[in-house]
Structure formats: C-alpha cells, structure tokens
Number of protein chains: 2
Amino acid sequence: MSQVKPARKDREPSKRPQDPDGTRQDILETASREFALNGLSGARIDEIAARTKSSKRMIYYYFGDKEGLYLRALENAYRTVREGEDDLDTDGLPPVEALRRLVEFTFDHHHEHEDFIRMVMIENIHHGEYLERSDVISGLNVTAIDHIASIYRRGVEEGVFRPGLDPLELHWQVSALCFFNVSNRATFSKIFGRDIGTTDHQRRLRDNAVEMILKFVSAG
Amino acid sequence: MSQVKPARKDREPSKRPQDPDGTRQDILETASREFALNGLSGARIDEIAARTKSSKRMIYYYFGDKEGLYLRALENAYRTVREGEDDLDTDGLPPVEALRRLVEFTFDHHHEHEDFIRMVMIENIHHGEYLERSDVISGLNVTAIDHIASIYRRGVEEGVFRPGLDPLELHWQVSALCFFNVSNRATFSKIFGRDIGTTDHQRRLRDNAVEMILKFVSAG
DNA sequence: GTTGACAAACTAACCAGTTCGTACATTATG
DNA sequence: CATAATGTACGAACTGGTTAGTTTGTCAAC
C-alpha cells in the first residue's frame with residue numbers, strides 16, 4: 001500500500017519543513033541498517049525511529065507496519081547490490097579472463113556489502129517468506145545469471161571450457177565461495193583463532209576461489 | 001487455554017516425579033529447536049516453556065536467563081554435530097578417495113543437520129559473541145581441522161596432491177560449498193525459481209563440490 | 001496577491017498486548 | 001529435617017501500533 005506522491009521536480013536535498021521523499025528515504029536507510037544489524041525480530045521500531053530524522057508515526061505513515069518496513073529494506077538491499085553489479089564489464093575479455101574477473105568482482109562485491117549479506121542471511125532464517133512476498137526482487141535477479149551464462153557459452157564455443165555444465169550451478173558455486181566468506185567470518189575466525197578478514201587472508205581466499213572455479217570449468 | 005497437566009499419579013516406574021536430568025535435557029532440546037527456528041530475539045521463553053514437559057520456572061532454575069539458555073543451545077548444537085563427525089572413517093582409503101569421502105560426508109552431514117546450520121547463521125548474525133563467551137565450543141573444533149590436514153599430508157607425500165596449500169583454507173572451501181547449500185537454499189531456490197533441495201539436484205551439487213575440491217588440490 | 005478549503009505531511013501522547021523475569025509456596029528426596 | 005526440585009501467580013518494562021490533533025503545501029476563487 002504505497003502512497004503515491006505527486007512527482008517532484010528534482011531539486012537539491014530539500015530542507016523544507018515537509019519533505020516526503022527525503023523523509024521516506026531517511027527512514028528506509030535507517031531501517032535497513034537496523035534490520036541488517038539486528039534482524040527482523042531483533043530490530044526495534046522505537047530505535048529505528050530514534051535514529052531517524054523523523055518519527056515513529058512517520059514509519060507507520062509510509063510503511064504500514066514493521067513487516068512492511070522490513071520488506072522494503074530487503075528490496076532496498078537487493079536493488080542496491082544489483083545496481084552495483086552493473087559496474088562489471090567483461091565484454092572485451094577472453095572467456096577465461098572474463099570468468100576470472102567475474103569471480104574476483106563477486107568476491108570483492110560481497111566483501112564490500114556486508115549489510116546485504118546479512119539481510120540475505122536473515123531472510124534465509126525466515127525461510128525466504130518475505131522475499132517470496134516481494135514482486136520487485138525476482139525481476140532483479142534473473143539477469144544476474146545471464147552474465148555468467150554468456151561468458152560460459154563463449155568459453156565453450158572457443159573450446160576453453162568443457163561443455164555440459166549448468167550456468168545456474170556455476171553461479172551457485174561462485175556465490176557459495178563468496179557468500180560464505182562474509183557470512184561466516186565471525187564464527188570461522190573465532191573457532192580457528194585466525195582472523196580471515198585481513199587483506200592478506202582475503203586475497204588468498206579470493207585467489208583460491210578463482211582458481212577453483214577456473215579449474216572446474218576448464219576444458220583441459 | 002486448557003492446561004493439560006501431566007498426570008501426577010502415573011504409575012510408570014520409569015518416571016519419577018522429580019527428574020532433574022530429564023527436565024534439563026528436555027528443556028535444552030526444546031530450546032534448541034526454538035532458537036534454531038526463530039533466533040535469539042525471535043524465540044519466546046513462554047513458547048519454549050509451553051513446548052516443554054516442564055515449566056518456565058524450571059528454565060530459569062537451570063539456565064539463569066534467556067541468553068544462558070541460548071548459549072547452552074548453541075553449545076549443544078556444536079557438540080551434537082561434532083560427535084556425528086566421528087562416524088567418518090577414511091583411514092584405509094588412498095588420499096584422493098579419502099578426500100572425496102570427506103567432502104561427500106561433510107555435504108551430507110550439513111544437509112542432515114539444518115538446525116545446526118541455522119544456529120551457526122544466527123550466531124554469525126550476532127557476530128559470534130556467544131560463541132566467544134563459550135569455553136566449551138573452541139575445544140570441540142580444533143580437531144575438526146586435523147582430519148582434512150592428515151588426508152592432505154598423505155596426498156602430498158604420495159605425490160597426488162600439490163604441496164603448499166593450507167589445510168585450514170581447504171577446510172574453509174569445503175565448508176563454504178557445503179554450508180551455503182543449506183544456509184541459502186530458501187533465497188536461492190525462490191530467486192531462481194528452481195528448487196535445489198530435491199535429491200536429484202543435491203546429488204549434482206554434491207558431485208560438483210567433490211570435483212571442485214579434487215581438481216583444486218590435485219597435483220596433475 | 002490574498003484567502004480559504006482541502007489534502008498531505010507531521011507530532012506527541014497514549015494504549016493494549018506481550019515478554020522476560022521473580023516472589024512465594026509446595027512437594028520430593030536423601 | 002535440610003536441601004533440591006517444582007508449581008502458581010504476578011508484575012515491571014518493553015514494544016508494536018493507534019488516536020487525536022497540528023502544521024504545511026497546493027490551488028482555485030476571489
């Protein structure tokens with residue numbers, strides 16, 4: 001039940017007493033941080049409101065209820081990250097280099113967007129029921145598979161990748177290696193007494209991930 | 001709400017009116033399920049108490065407070081899973097087969113212990129602060145690295161594995177592929193519209209995981 | 001260009017249900 | 001009897017959500 005606002009000519013961030021778009025955005029960003037940090041049940045509406053330039057009443061005015069706010073925060077996280085993925089360009093590169101770039105980029109991208117990773121973890125704890133409720137997110141992700149699929153296809157055509165692999169499974173493998181690196185850093189580091197978050201360690205893990213994927217798809 | 005109370009005058013000789021160990025265990029198992037399902041903040045003490053054969057009073061009697069109960073549930077999850085890992089025996093096998101077995105076993109073991117995976121996810125959301133507070137868990141895990149380390153060492157000695165790899169990083173890679181498979185099943189399946197939880201799909205993903213690891217460590 | 005009516009944006013105080021935790025009494029056990 | 005184990009009832013604080021009302025913007029009619 002989103003409120004439809006009259007289109008506003010974009011002006012610089014308004015400091016006018018009433019600023020619907022700004023207020024809405026401010027709430028969404030604050031809520032995103034709080035949900036990523038504490039989860040759906042752990043986050044507190046009062047706390048979100050306090051950190052906002054606005055008030056609790058405005059949260060309910062714009063987002064209906066807590067779950068509505070969470071859903072928008074989830075969509076916001078997916079959208080932000082997917083938009084960032086557009087920065088990856090592998091068009092000129094030969095397949096092997098393109099795939100290497102894609103894995104490196106994915107690794108770094110996940111690394112830089114910990115809040116997104118946390119939102120996905122939280123959503124998985126909830127069995128993905130809010131993601132299912134969103135008609136925004138699914139549209140964002142179908143294209144994510146296209147990139148790796150086209151690289152793989154080129155590689156097979158040029159004879160450097162072996163045929164018969166499923167691009168979705170490739171994407172799964174890349175995701176697993178890059179996601180786990182962020183999602184399980186706390187427990188992994190604490191259990192084995194070695195901080196894997198250092199730049200040195202991260203570079204090694206990234207190189208390993210690239211090598212694993214390349215050796216897996218390689219035709220040789 | 002009709003309270004169904006256990007019959008006080010039961011003649012079962014096995015069930016003594018007071019059963020400290022049984023009560024404690026019953027509470028712990030119930031709490032483990034609830035925390036794995038709903039997280040620390042999402043779980044409700046009253047709900048846990050209701051599902052118990054005992055009462056809320058007993059929870060506080062034995063576990064102090066909610067966080068204490070959560071910590072014990074976390075330790076319980078780690079202990080249960082680590083004990084199950086003892087079932088893996090690769091002593092007679094040549095290194096390649098041993099490593100294959102280890103990956104397959106880890107994959108299946110994670111698959112079968114979803115509640116453990118969920119507890120680890122939840123604990124990571126909490127930045128591992130409860131795990132850090134536990135002096136039980138760290139002791140359980142150091143040995144987990146030994147198995148893969150010894151297989152790897154044998155492989156290097158026999159010339160079938162390439163030298164220079166870090167067993168902890170190997171363990172990291174195996175964990176990533178096996179953990180992600182369970183932790184992100186909900187969002188992954190829903191986003192790409194394909195249920196990767198089917199036995200058919202799981203077997204493919206498992207085979208891929210094995211192949212990736214083997215190709216990565218192979219000397220060839 | 002002032003006015004006034006209406007809608008959008010916003011505020012403060014409050015409410016009702018929930019939730020963790022406890023006080024106190026009672027029963028079993030050794 | 002002394003102590004451990006357990007049942008009952010309750011309360012203080014928290015928390016999601018609402019009620020009732022105020023301020024600000026828009027725009028047509030003077």
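So that the names make sense, note that chain A is the first sequence line, chain B the second, and so on, each numbered from 1.
- Contact annotation for A:Ala43: backbone-only contact, meaning every heavy-atom pair under 4.0 Å involves sugar-phosphate atoms and none involves a base.
- Residues satisfying the ring pair (Phe, Tyr, Trp, His ring centres under 6.0 Å) criterion with A:Phe216, sequence neighbours excluded, are absent altogether.
- Helix-axis bend for the helix from C:dG1-D:dC30 to C:dG30-D:dC1: the local axis fitted to the five terminal pairs at one end deviates from that at the other end by 10°, rounded to 10°.
- Sorted by first and then second residue, the ring pair (Phe, Tyr, Trp, His ring centres under 6.0 Å) pairs involving residues 189-214 of chain A (not counting sequence neighbours) are A:Phe188-A:Phe192, A:Phe192-B:His171.
- Among pairs with a residue in residues 126-139 of chain B, those fulfilling salt bridge (charged side-chain N to carboxylate O under 4.0 Å, His left out) read A:Lys190-B:Glu132, B:Glu67-B:Arg133, B:Glu129-B:Arg133, at least two apart in sequence or across chains.
- Taking side-chain N and O atoms only, B:Thr23 has a distance below 4.0 Å to OP1 or OP2 of D:dT6.
- With sequence neighbours left out, the salt bridge (charged side-chain N to carboxylate O under 4.0 Å, His left out) criterion links A:Arg118 to no other residue.
- Under the rule for a salt bridge (charged side-chain N to carboxylate O under 4.0 Å, His left out), the partners of A:Arg82 that lie at least two apart in sequence or sit in another chain are A:Glu85.
- Side-chain atoms of B:Tyr152 come within 3.5 Å of backbone N or O of B:Leu165 as a donor-acceptor pair.
- Under a 3.5 Å cut-off, the side chain of B:Arg44 and the backbone N or O of B:Ser41 do form a donor-acceptor pair.
- DNA chain D is contacted by B:Tyr61, B:Tyr62 of residues 60-71 of chain B, taking any non-hydrogen atom closer than 4.0 Å.
- Applying the salt bridge (charged side-chain N to carboxylate O under 4.0 Å, His left out) rule to A:Asp200 yields the partners A:Arg203; only residues at least two apart in sequence or on another chain are considered.
- In this structure, B:Asp46 atom CG and C:dT22 atom P are separated by 14 Å, rounded to whole Å.
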For nucleotides 11-17 of chain C, give me every protein contact, N/O to N/O, under 3.5 Å, one pair per line with atom names.
unit_1	atom_1	unit_2	atom_2	d
C:dT11	O4	A:Arg57	NE	3.4

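- Residues passing the salt bridge (charged side-chain N to carboxylate O under 4.0 Å, His left out) test with B:Lys56, sequence neighbours excluded: B:Asp46.
- Using modelled atom types, one side-chain atom of A:Asn124 and one backbone atom of A:Val120 make a donor-acceptor pair closer than 3.5 Å.
- Listed by chain and residue number, nothing satisfies the ring pair (Phe, Tyr, Trp, His ring centres under 6.0 Å) test with A:His111 (two or more places apart in sequence, or in another chain).
- Distance, A:Ile27 CD1 to C:dA9 C1': 11 Å, rounded to whole Å.
- Rounded to a whole Å, the CD atom of A:Gln25 is 15 Å from the P atom of C:dA9.
- Counting only N and O atoms by type, the side chains of B:Asn76 and B:Ser32 include a donor and acceptor under 3.5 Å apart.
- Between A:His109 and A:Phe105, the ring planes are parallel. Angles under 30° get that label, and only those over 60° would be called perpendicular.
- Taking a 4.0 Å limit (strictly below) on heavy-atom distances, residues 30-41 of chain B does not reach DNA chain C anywhere.
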